[in-house]
Amino acid sequence: MSELPDSYDPDSVEPKWRDNWQEMDVYEYDGDSDTDYVVDTPPPYPTGNLHIGNALGWCYMDFAARYHRLQGDDVLFPQGWDCHGLPTEVKVEENNDIHRTDVPRDEFREMCIEHTEEQIDAMKETMGTLGFSQDWNHEFKTMDPEYWGTTQRSFVEMADDDLVYRDEHPVNWCPRCETAIADAEVEAEEGIDGTLYYITFEGADEDTEDIEIATTRPELLAACVSMAVHPDDERFEDRIGDSFEVPLFGHEVELIADEESDPDFGTGAVMICTFGDKQDVTWWAEHDLDLRMVFTEDGRLNDEAGEYAGLDIEEAKAEIVDDLEDEGVLNDSEPTEQAVGQCWRCDTPIEILSKEQWFVEVDQDEILEKAQQVQWIPDHMYDRLEDWTEGMEWDWVISRQRVFATPIPSWFCADEDCDHIHIAGPDELPVKPTEEDPDVEACPECGGTDWIGETDVMDTWMDSSITPLYVRGWPEEEFEPTTLREQGHDIIRTWAFYTLLRTSAIEDEIPWEEALINGMVFGEDGNKMSKSKGNFVQPEEAVEEYSADAFRQAMALGGQPGSDIQFQWKEVKSASKFGTKIWNITRFATGHLDEEGATAEDPAYRDADEWILSRASQVADDVAEHMDEYRFDAALRELREFVWHDLADDYLELIKGRLYEGRPGERNAARKALETSLTASLRMLSPFAPFLTEEAYDAIPSTEGSVHAADWPDIDMRDEEAELAGELIADVASTVRGWKSDEGMALNAELGDIEVYPDETPERAVDTYDLSEAINGPVHVRKGEPAIELVPVEVDPDHSVIGPEFRDQAGQVVGALEGADPAEIKQQKQLDGEIEVELGEEVAVVPGEAVEVREEHRAESGEEVEVIESEHATILVYKE
RNA sequence: GGGUUCGUGGUCUAGUCGGUUAUGACGCGGCCUUUACAAGGCCGAGGUCGGUGGUUCGAAUCCGCCCGAACCCA
């Protein structure tokens, strides 16, 4: 027997176990079992801060990983880092006060790596604080050559299959970042103030009447290649095909008709520029229009814009508007609101430029076919992916004009007349084409031996979309789908989409069997967390205030996975109180358990023991079912209910008599059942509260090793009769205790004789030993009805029987029953087994079992007895 | 504008393949020092389940419409 401290101190216990676990290697993946459970963990972008939204997702993964370890699965819970990216470049430029072109590519890359390592360390620290159980032997960083070499390998494989190609095509372009970006990286910002200008285009010849168009972007006039109206728009009847002169620039454009043109916008006529928006791209392609590119990569007008060349977009807009006014072709302008596509990293409005870029082919049908084989949790998350996939218009542009990213492993033949592009072979990888030459003798087309390395790098999604492949040891190991992908619903269109695409393209497989999608975490006021709103909470704050275990439980109970959850301090607090409860139960138990008692063979269980063991068996089955379905909320709720109510409130109170004063056999049975149900509870709770349960499990003398290396409880003592008997005992005990409390009596006040009349007589004799001890009085269980007056007080019809039987008359039948004299109904039920009720002319015959008559016991006057109705029995307490 | 999800005591939440008294927590009020726990126990108040119409013997639950919120997309 050991003495535990009075109170549980998470501030010292949590760091202690964090260190111990590292040494114990309890999270190690063997890799040689056939019950793999592999998590495709998100590799977060190393911002240096693991926020509460991340924490929710990692809690879910950790619950699942820990649960599956208890189930005996060989769990791989790795952790990666999605290192590459623009924000790091910008940060490094800021920190060192340089521009990335000021230093050699490789030096700049090194600076980025160094910065990233620091950020990763900070986030790992938080992950440790929160008790996540990744196997750090399987950590990966996309900036390591081993990883980005694999990214290059995936590129090479897809290029071999013509799924990666280089072409000129309009792409989204961020003029500030000076790079192409993918559709998924463009965010539509609504309600941007703009101005709508009404501009006259003069007819190209004297017979052609002028036309007025409306545009928010006059700076694109130089790029105007056509104009469009709706074919049914009467205002432009007979004018299709007419030519007009573009103001200020003088080139001629033709009016075309297209269904997509909105007759309600402006004058009904719009100019088509290359390119103002995606609609322009569509029209340009469909109507085979000219290409007049007027923007440079840094967002200025080029020589096509004549005297306006060199101006940035805002300057050009102002000057062109002035000049249009001077020319007398600017008729009107009005404020308007517009939606503008912006770069998701820097919020700069994007432009569309036609550039030679690398693309990955998007095969929508194939992606959806694979996505349908994945089990999405909750189901409807699949719909989001489907919507996005079906709306994909362009192939995925994967080249970026940056530095800190995976190099595209290709070279251009240096001969000006030769357009051969060499893509690296698998054996050359990883390779930096800007520093190394390809592993070929000469250009197969022109025989040249000089090469120019590709300076473009890959979209970081090229790295992160191969995590399942990487985690599974691809390409050396044969790929098998991972078990679980956990991620937020906000990145279904990116991460989930790209991963499905790539795994399918490379291995013709699904990346994961299950996709568990978490919701967002909102602040306590129900709004999105933001520092300016003052509702921002860092996971560490909750740990500091309460504990990591409490925080984790609050995350589990916030709502069912998939739904957004509101962070609630009160949930953390109540979880922490539950922790205290567990601690106190453990403290009590360890005072009574020793290795011998708890391992007693063939214990002489009493009803209460069999009851709690049966309940524990049931709970283990139920909770496993919830955990298998990722219903962490339901699992933890049921566990709390069981531990608090059944184990602590009822069972512990019932066995105190035996533990303190029982004979050895009786005492050992109680000890054994207590040990079994408590250690089972701790194991089941360990995924949610890993620190507390470990400390408690460790304190129990009969246990060995870590709770996290234990097995899921396999008690298998379901026994319906024992449950009925136990429920009756617990019910009577807590009812009598409640009654004492109401009466203002001390809870250990001695009572006179107690007679228990169960509502349903149990099959076997009820064991009153524990009950007598718990309520401090001799208990006699009697059959039949107590010898006191029983008064029928209420008729309670069973709707589920009467409803189907009497259909549209059910309402009347129920009404008649409820209105009748309870005593008479009772008599009919007893004598005839059925009840006749009058419904106007008719008489309805109701089966007796469909009607319950509630009765109350009334002690006859002068009797020194108290009558208490409990849920399962009538209890008579005789006064001493 | 399209799609998805959601609306349950003051707050958060469970229940939602129809069935008798709608779950738990926090908060609130009252009572109680009992050999694990006052960071506890017991009791209580508090809900026309967003509104409305329908299906049904019966609707928080199924269907239609409306209102409101969140997210994704245009």
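Naming: A, B, ... by sequence-line order, numbering from 1 per chain. Worth saying up front: this structure is predicted, and the values here are computed from it rather than measured.
Residues A:Ile655 and A:Asp609 have side chains in contact (heavy-atom distance under 4.5 Å, counting atoms from C-beta outward).
Within a 6.0 Å sphere centred on CD of A:Gln372, other residues, nucleotides and ligands contribute more than 12 heavy atoms. Atom CG of A:Asp379 sits in a sparse spot, with 12 or fewer heavy atoms from other residues, nucleotides or ligands closer than 6.0 Å. With a 6.0 Å radius and a threshold of 12 heavy atoms from other residues, nucleotides or ligands, A:Glu187 has its CD atom above the threshold.
Within 4.0 Å of A:Leu652, counting heavy atoms only, lies at least one base atom of the nucleic acid. Looking at heavy-atom distances under 4.0 Å, A:Lys577 makes contact with sugar-phosphate atoms alone, never a base. Nucleic acid contact for A:Lys740: none, since no nucleic acid atom lies under 4.0 Å from a heavy atom of the residue. Residue A:Gly519 is out of contact with every strand shown, counting any heavy-atom pair closer than 4.0 Å. Counting non-hydrogen atoms under 4.0 angstrom, A:Ala648 reaches a base of the nucleic acid. Using a 4.0 Å heavy-atom distance criterion, A:Trp388 is classed as a sugar-phosphate-only contact.
Remark: C1' of B:A36 and CG of A:Asp650 are 15 Å apart, rounded to the nearest angstrom. For the pair A:Ile492 CD1 and B:U4 P, the interatomic distance rounds to 14 Å; values are reported in whole Å. Summarising the geometry, the separation between CD on A:Glu187 and P on B:C72 is reported as 8 Å, rounded to the nearest angstrom. Distance, A:Asn776 CG to B:U35 P: 11 Å, rounded to whole Å. If you take CE of A:Met520 and C1' of B:U4, they are 14 Å apart, rounded to a whole angstrom. Rounded to whole Å, atom P of B:C71 lies 18 Å from atom CD of A:Gln487. For A:Arg384 and B:C72, the CZ to C1' distance is 5 Å, given to the nearest whole Å. Rounded to an integer number of Å, the gap from CD of A:Glu653 to C1' of B:G41 is 9 Å.
Nucleotides B:U11 and B:U21 have their P atoms positioned 25 Å apart, rounded to a whole Å. For the C1' atoms, the distance linking B:C17 with B:U13 amounts to 22 Å, nearest Å. Separating the P atom of B:G50 from that of B:A60 is a span of 10 Å, rounded to the nearest Å. To the nearest whole angstrom, the two P atoms, one in B:C57 and one in B:C42, are 44 Å apart. B:U20 and B:U61 have their P atoms separated by 14 Å, with the value rounded to a whole Å. With both ends at atom C1', the span from B:G41 to B:U34 equals 9 Å, rounded to whole Å. Comparing B:U16 with B:U8, their C1' atoms sit 11 Å apart, to the nearest whole Å. Rounded to whole Å, the P atom of B:U23 lies 15 Å from the corresponding atom of B:U48.
When distances are taken from the side chain of A:Thr580 to each of B:C12, B:A39, B:U5, the shortest belongs to B:A39. Listed nucleotides B:C12, B:A70, B:A36 differ in distance to A:Ile585; the shortest reach to its side chain belongs to B:A36. Distance from the side chain of A:Asp633 is smallest for B:A14 among the nucleotides B:G41, B:A14, B:U11. Of the candidate nucleotides B:A36, B:A14, B:C12, B:A14 has the atom lying nearest to any side-chain atom of A:Arg631. The side chain of A:Arg637 sits closest to B:A14 out of B:C73, B:A70, B:A14. Residue A:Asp649 places its side chain closer to B:C42 than to any other of B:A70, B:A39, B:C42. The side chain of A:Arg493 lies closest to B:C73, out of B:C73, B:C57, B:A36. Comparing atom distances between the A:Ser7 side chain and each of B:C71, B:C12, B:A39 picks out B:A39 as nearest. Relative to the side chain of A:Asp796, the nucleotides B:U20, B:U35, B:C12 differ in distance, and B:U20 lies closest. Residue A:Arg737 has its side chain nearest to B:U34 when only B:A70, B:C57, B:U34 are considered.
A:Glu638 CD to A:Glu625 CD: the interatomic distance, rounded to the nearest 0.5 Å, is 9.5 Å. A:Leu678 contributes atom CG, which lies 14.5 Å from atom CZ of A:Arg671 (distance to the nearest 0.5 angstrom).
Remark: B:C65 base-pairs with B:G51. Criterion, Watson-Crick or G-U wobble with two distances under 3.5 Å. Using Watson-Crick or G-U wobble geometry with both donor-acceptor distances under 3.5 Å, B:C42 finds its partner in B:G30. Across all strands shown, B:G9 remains unpaired; no Watson-Crick or G-U wobble contact has both distances below 3.5 Å. B:A59: no Watson-Crick or G-U partner with both key distances under 3.5 Å is found in any strand. Pairing of B:A36, defined by two Watson-Crick or G-U wobble distances under 3.5 Å, is not identified with any nucleotide.
Ring geometry for A:Phe567 against A:Trp569 counts as perpendicular: the plane angle is over 60°, on a 0 to 90° scale with 30° as the lower cut.
Distances shorter than 4.0 Å separate some side-chain N or O of A:Gln560 from OP1 or OP2 on B:G15. Phosphate proximity of B:G27 to A:Lys573: present, with a side-chain N or O under 4.0 Å from OP1 or OP2. Phosphate proximity of B:G41 to A:Trp644: present, with a side-chain N or O under 4.0 Å from OP1 or OP2.
Remark: aromatic rings of A:Tyr60 and A:Tyr630 are distant, center separation not under 6.0 Å. Taking the six-membered ring where the residue is Trp, the centroids of A:His51 and A:Phe536 are separated by 6.0 Å or more.
Toward the 5′ end of RNA chain B lies the nearest nucleotide of A:Ala589, the other residue of the pair A:Ala589 and A:Gly526 mapping further downstream. Judged by closest nucleotide on RNA chain B, A:Gly811 is the one of A:Val186 and A:Gly811 placed further toward the 5' end.
A donor and an acceptor atom, one from each side chain of A:Glu675 and A:Ser702, are located under 3.5 Å apart.
Shown for residues 797-806 of chain A: residues whose heavy atoms fall under 4.0 angstrom of RNA chain B, namely A:Pro797, A:Asp798, A:His799, A:Ser800, A:Gly803, A:Pro804.
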Intermediate values then yes/no, side-chain contact (heavy atoms from CB on, under 4.5 Å), A:Leu501 and A:Trp396: CA-CA 10 Å; A:Leu501 184 162; A:Trp396 173 19; 4.2 Å; yes

